[in-house]
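Notes to accompany the following structure.
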Protein chains: 2
Amino acid sequence: MATATLDLKPDLDTGHPCFGCTVREISLCGILDNEELRAYKQTGATVRYDAGATIFFEGDPADSVYTLTSGTLRLSKLLPDGRRQIAGFIFPGNFLGITMEDEHAFTAEAITASELCRFSRPKFETYLDEHPLMERRLYALVAHELAATRQQLVLLGRKTATERVVSFLLMLGSRCRMDGGLADEVHLPMSRSDIADYLGLRIETVSRELSALKAARLIQLTGTHSVRLLEKARLEALAEG
Amino acid sequence: MATATLDLKPDLDTGHPCFGCTVREISLCGILDNEELRAYKQTGATVRYDAGATIFFEGDPADSVYTLTSGTLRLSKLLPDGRRQIAGFIFPGNFLGITMEDEHAFTAEAITASELCRFSRPKFETYLDEHPLMERRLYALVAHELAATRQQLVLLGRKTATERVVSFLLMLGSRCRMDGGLADEVHLPMSRSDIADYLGLRIETVSRELSALKAARLIQLTGTHSVRLLEKARLEALAEG
DNA sequence: CGAGCGATTGATCGCCATCAAAGTGGGTGG
DNA sequence: CCACCCACTTTGATGGCGATCAATCGCTCG
């Protein structure tokens with residue numbers, strides 16, 4: 001459904017408040033032109049969070065929406081006894097606060113120091129009312145997120161530990177390529193604990209799987225937070241059983 | 001975000017093509033009035049599928065969207081070796097074909113004989129262009145679906161077999177109450193195999209868990225496809241660990 | 001150089017999968 | 001109407017993958 005009307009407006013004036021924003025093209029704002037974006041930006045504000053800080057808790061009133069411009073966030077939920085599941089990571093350009101409910105169902109925390117553009121819900125909705133293209137793009141983003149989340153159901157419901165870890169690395173790998181990074185050097189901003197809670201495993205298992213992949217010469221552990229993918233084809237076969 | 005503009009239009013003329021449609025109020029169409037609905041309905045067609053029939057396969061071009069009016073569907077995905085994950089069940093009133101991609105990422109099959117209202121994507125999108133309230137409602141539906149799917153991530157990633165089965169029963173229970181059925185009598189149109197593939201378990205485990213809940217006098221198995229929930233409070237405690 | 005936290009590696013356990021067999025029920029044809 | 005059939009479900013016995021418990025490593029920062 002990539003209609004012409006959803007094409008991005010490429011050029012921004014130098015001096016524009018969003019000039020130099022590295023994520024505009026892949027974010028909600030990408031469809032706005034100079035004037036529209038200036039007006040839109042003025043309805044919001046830039047906010048910063050330190051690593052570990054909480055943007056909102058599960059159960060907090062959902063009165064703002066955000067676009068992440070730098071850093072990494074995690075969306076998570078705790079069971080009463082402390083078990084944690086991470087529903088997703090938010091990378092620059094991603095939209096946060098998709099819900100139409102009154103309360104957030106998940107907690108959003110900064111994994112690394114992060115910057116976001118924040119908009120109040122009422123203002124955001126008014127803006128949407130006046131910009132149907134933006135609403136359509138928002139819909140496309142949510143629909144895409146839904147598809148990705150369903151894919152994660154397959155991972156959690158049916159894949160083995162090895163398949164989960166490899167799928168995760170490939171997923172981040174394709175993200176990096178999207179961001180213009182090297183295709184085979186994957187940066188992992190999150191801890192082993194975050195990875196484990198995203199993949200439905202324990203940190204020991206994640207660590208063991210990474211070590212096993214390294215021993216099999218399929219990856220290289222270039223640092224605690226970076227991995228080099230050595231054999232994409234074999235990894236892709238591994239990821240799907 | 002339940003604004004007044006999203007309220008349903010209640011009364012339909014007798015003789016209206018959608019008069020008697022039992023799911024209009026909880027479906028996408030709920031916001032349309034007599035005239036709008038008549039026009040909308042004319043852009044689509046009613047289609048029927050037998051139990052077991054496939055509405056579309058993973059990878060098929062996504063050229064139609066649907067509203068389920070009767071029956072039950074499953075959305076599933078197969079791994080190359082035959083492992084299956086069911087991403088969700090579709091009940092009457094639910095929208096099918098949310099994707100904005102060109103291809104369906106999941107296979108949709110009829111669990112029981114089903115009826116759907118089908119609309120071609122281009123016509124549907126044209127209709128959305130002209131009816132912003134409908135688009136907003138569609139967004140709300142998808143956002144809600146995303147939240148539900150993320151909740152399912154918690155189930156698959158972190159819950160035990162018992163917790164999964166109990167969560168599933170309670171989920172269907174709250175659905176029944178929504179549909180005006182008895183709150184504690186849950187109908188399970190799907191097979192044990194479908195339940196297992198939805199919960200990331202094997203059918204033997206599902207069966208054993210149900211037997212154990214019955215032995216604990218927490219449920220009654222009133223038939224292969226129906227369960228009575230006896231102790232909601234204790235079940236709810238069980239579902240969350 | 002030492003403290004402390006996250007990551008890795010090792011040893012063992014337990015939940016759920018797997019393998020196997022018996023039970024159940026709905027539909028069909030005699 | 002009943003007997004059979006076949007698919008689905010349930011129950012039982014055993015096994016394996018990943019969790020758990022435990023110890024060590026290694027980086028970062030004071």
Side-chain angles (χ1 to χ4, degrees), chain A residues 50-52 74 79 81-86 111-113 155-169 187-216 219-227 238 241, chain B residues 50-52 74 79 81-86 111-113 155-169 187-216 219-227 238 241:
Chain A
D50 290 335
R74 61 177 174 247
L79 290 177
D81 63 358
R83 279 174 288 175
R84 183 179 71 153
Q85 178 65 38
I86 291 182
I111 288 175
T112 63
L155 183 148
L156 291 177
R158 289 297 177 220
K159 289 192 179 178
T160 65
T162 306
E163 289 161 1
R164 292 182 200 203
V165 171
V166 173
S167 299
F168 177 69
L169 294 178
H187 183 234
L188 310 169
M190 68 293 291
S191 67
R192 296 292 186 267
S193 173
D194 286 336
I195 297 174
D197 285 347
Y198 180 63
L199 298 179
L201 299 170
R202 317 261 47 188
I203 58 175
E204 296 95 330
T205 303
V206 171
S207 188
R208 270 186 256 272
E209 293 298 335
L210 289 174
S211 299
L213 290 169
K214 175 185 170 187
I219 66 171
Q220 229 176 315
L221 296 173
T222 52
T224 307
H225 291 288
S226 61
V227 173
L238 259 187
Chain B
D50 289 335
R74 61 174 174 249
L79 290 177
D81 64 359
R83 279 174 288 175
R84 183 178 70 153
Q85 179 66 36
I86 292 183
I111 287 175
T112 63
L155 184 148
L156 292 176
R158 288 298 176 217
K159 289 191 180 181
T160 66
T162 305
E163 288 161 2
R164 292 182 200 204
V165 171
V166 172
S167 298
F168 177 69
L169 293 178
H187 183 235
L188 310 169
M190 67 294 289
S191 67
R192 296 291 187 267
S193 173
D194 287 336
I195 298 174
D197 286 347
Y198 180 63
L199 298 179
L201 301 170
R202 320 262 45 194
I203 58 175
E204 296 95 327
T205 303
V206 171
S207 189
R208 269 186 257 273
E209 292 299 335
L210 288 174
S211 299
L213 290 169
K214 177 186 168 186
I219 66 171
Q220 229 177 316
L221 296 173
T222 53
T224 306
H225 291 289
S226 61
V227 173
L238 260 185

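Letters A, B, ... are given to chains in the order of the sequence lines, protein chains preceding strands, and every chain is numbered from 1.
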Task: Residue pair A/Leu169, A/Leu210: steps toward the side-chain contact (heavy atoms from CB on, under 4.5 Å) verdict - done: CA-CA 10 Å; A/Leu169 294 178; A/Leu210 289 174; 4.1 Å; yes

- [ ] Would you sort out whether A/Leu238 and A/Leu213 count as a side-chain contact (heavy atoms from CB on, under 4.5 Å), showing the intermediate values?
- [x] CA-CA 10 Å; A/Leu238 259 187; A/Leu213 290 169; 4.0 Å; yes

TODO: Carefully, step by step, assess A/Met190 and A/Thr112 under the rule side-chain contact (heavy atoms from CB on, under 4.5 Å).
DONE: CA-CA 8 Å; A/Met190 68 293 291; A/Thr112 63; over 6 Å; no

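Looking at B/Val165 and B/Leu201, their side chains come closer than 4.5 Å, going by heavy atoms from C-beta outward. Two residues are said to be in side-chain contact when any heavy atoms from C-beta on lie closer than 4.5 Å; A/Gln220 and A/Lys214 fail this criterion.
Checked options B/Arg84, B/Gln85, B/Arg74, B/Arg83; the residue passing with B/Asp197 is B/Arg84 (criterion: side chain to side chain donor-acceptor pair (under 3.5 Å)).
To the nearest angstrom, P of D/dC8 lies 9 Å from CD1 of B/Ile203. Computed from coordinates, the B/Leu155 CG to C/dC16 P distance equals 12 Å when rounded to whole Å. Atom NE2 of B/His225 and atom P of C/dT24 are 17 Å apart (whole Å). To the nearest angstrom, P of D/dT11 lies 12 Å from CG of B/Leu213. Across the protein-nucleic acid pair, A/Ile195 atom CD1 and C/dA7 atom C1' stand 11 Å apart, rounded to whole Å. In this structure, B/Leu221 atom CG and C/dG25 atom P are separated by 12 Å, rounded to whole Å.
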Open item on the list: Treating primed atoms plus P, OP1 and OP2 as sugar-phosphate and everything else as base, which nucleotides of nucleotides 16-30 of chain D get B, S or - for protein heavy atoms under 4.0 Å?
Closed with: --SSBB---------

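B/Glu209 pairs by the salt bridge (charged side-chain N to carboxylate O under 4.0 Å, His left out) definition with nothing, not counting sequence neighbours.
Residue contacts for B/Ser211: at a heavy-atom cut-off of 4.0 Å it reaches the sugar-phosphate backbone alone, with no base atom in range.
Summarising the geometry, atom OH belonging to B/Tyr198 is positioned 7.5 Å from atom CG belonging to B/Leu155; distances are rounded to the nearest 0.5 Å.
Axis angle between the ends of the helix from C/dC1-D/dG30 to C/dG30-D/dC1, five pairs each and rounded to 10 degrees, works out to 30°.
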